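What follows is one structure encoded as structure tokens, with my remarks underneath.
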Amino acid sequence: MPDTLDILAPETLATVGYVREPIDPTLDLFDEIERLKEEKNAVLLAHYYQEPDIQDIADYIGDSLGLAREAARTDADIIVFAGVHFMAETAKILNPAKKVILPDLNAGCSLADSCPPDEFAAFRAQHPDHIVISYINCTAAIKAQTDIICTSSNAEHLVRQIPDDQPIIFAPDRNLGRWLIKETGRDMVLWDGSCIVHEVFSEQEIVRLKARHPDAPVLAHPECEENVLRHADHIGSTSSIRRFATENDADTFIVATESGILHQMQKDNPGKTFIPAPPSNGCACNDCPHMKLNTLEKLYLCLKHEAPEIEMDEAIRLRALQPIERMLAMSEGVS
Ligand code: 13P
Ligand code: SF4
């Protein structure tokens with residue numbers, strides 16, 4: 001995305017979603033970002049699905065649980081969140097007094113979008129005796145209607161702590177929900193949402209790859225559909241997929257999650273081969289289009305101008321904080 005226009009007025013910026021300004025092509029953006037972080041006491045938190053340059057300059061790279069924990073403990077004045085909107089929102093919910101900025105406010109999430117707050121309120125009203133466990137990939141307005149937040153790292157651990165006679169609504173990811181039902185034996189009422197990236201993997205292509213690489217374990221994220229998960233040797237969050245690849249003796253792995261994770265897996269294991277599981281139609285749709293809206297250029301301008309910033313209604317923030325705090329307390333020690 002070329003940043004060649006003059007900086008826009010704040011009201012236009014809110015529409016565009018990121019700061020636009022000419023950048024001197026001779027600038028070393030890595031040095032500039034480091035300098036700005038130091039000068040402003042800013043911390044850069046990045047998700048594994050960010051582009052490699054952003055991962056390389058981050059102060060912390062992790063999965064959603066790690067990022068939430070890091071956001072809860074930082075003493076920086078500014079949190080620069082290289083991830084998607086619901087992640088930056090979570091950091092703001094935990095840090096109302098800090099400035100939380102996101103390189104591109106348009107970096108949303110199809111899964112979060114699949115659960116509109118009004119429709120979810122009506123769904124909850126149909127199940128008044130159920131508690132609500134929501135995957136962290138949801139908006140603050142959904143978190144505000146939730147009892148316990150979870151991530152893919154701690155979801156099973158949290159569901160197992162709910163008394164057997166307590167009915168549960170699980171939202172918004174139906175694939176993660178179905179996988180949890182299978183793993184825990186708990187029946188749950190599922191919201192019918194999904195992630196566009198994790199639904200794109202082709203079962204047929206994975207079976208073909210397995211035939212060509214019979215010793216290669218298949219590593220899959222639980223946001224994938226059941227027809228992909230049934231071929232997986234390991235199912236887990238991005239951090240658990242990364243860990244498995246290092247701890248397992250195989251030299252080749254088939255990876256069914258967003259392609260950004262391959263950067264750290266390859267850095268951890270230079271001698272191993274990681275094959276991204278192919279999508280069904282040959283497109284590059286195992287790149288998350290939302291995550292990839294953030295670029296090094298937007299990150300630099302975001303830090304320089306301290307914008308765009310996450311803002312939130314205080315009543316919603318307070319209601320959304322409780323289920324996040326419950327998650328952090330109930331998943332101590334989970335990695
Ligand atoms: P985790 O990194 O927590 O596994 O989540 C994956 C994801 O889809 C984030 O949007
Ligand atoms: Fe949302 Fe899927 Fe992108 Fe994660 S990979 S941010 S769940 S659209």
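A quick note: this is a predicted structure, and the numbers were derived from the prediction, not measured. All ligand and atom numbering here is 1-based and tracks the order in the structure. Throughout, numbering of the chain's residues begins at 1 and tracks the sequence.
Near Y49, meaning under 4.0 Å from one of its heavy atoms, ligand 1 places the atoms 6 (C), 7 (C), 8 (O), 9 (C). In the vicinity of E223, heavy-atom distances shorter than 4.0 Å reach the ligand 1 atoms 6 (C), 7 (C), 8 (O). For ligand 1, the atoms sitting less than 4.0 Å from at least one non-hydrogen atom of H221 are 1 (P), 4 (O), 5 (O), 6 (C), numbered in the order shown with element in parentheses.
Remark: ligand 1 and H198 share no N or O pair separated by less than 3.5 Å (distance only, no angle test). For ligand 1, none of its N or O atoms has an N or O atom of S237 under 3.5 Å away.
To the nearest 0.5 Å, atom CG of residue L65 and atom OG of residue S331 are 5.0 Å apart. Here the straight-line distance linking atom CZ of F170 with atom CD1 of I133 works out to 7.0 Å at 0.5 Å rounding.
Nearest protein heavy-atom neighbour of atom 3 (Fe) of ligand 2: C288 SG, 2.4 Å. In terms of protein heavy-atom proximity, atom 2 (Fe) of ligand 2 is closest to C195 SG, 2.3 Å. Of the protein's non-hydrogen atoms, N137 ND2, 3.3 Å is the one closest to atom 10 (O) of ligand 1.
Look at R178 and E226 and you find no salt bridge, because none of the NZ, NE, NH1 or NH2 atoms lies under 4.0 Å from a carboxylate O.
Neither the backbone nor the side chain of E258 has a heavy atom within less than 4.0 Å of ligand 2. Of the heavy atoms in T238, both backbone and side-chain atoms come closer than 4.0 Å to ligand 1. Proximity of S152 to ligand 1, defined as any heavy-atom pair under 4.0 Å, is confined to the side chain (atoms from C-beta onward). Of the heavy atoms in Y48, none comes closer than 4.0 Å to ligand 1. In M87, the part holding a heavy atom less than 4.0 Å from any atom of ligand 1 is the side chain.
For the residue pair E258 and H198, the shortest heavy atom distance occurs at N-NE2, 3.9 Å.
Under the 4.0 angstrom criterion for non-hydrogen atoms, E223 is in contact with ligand 2.
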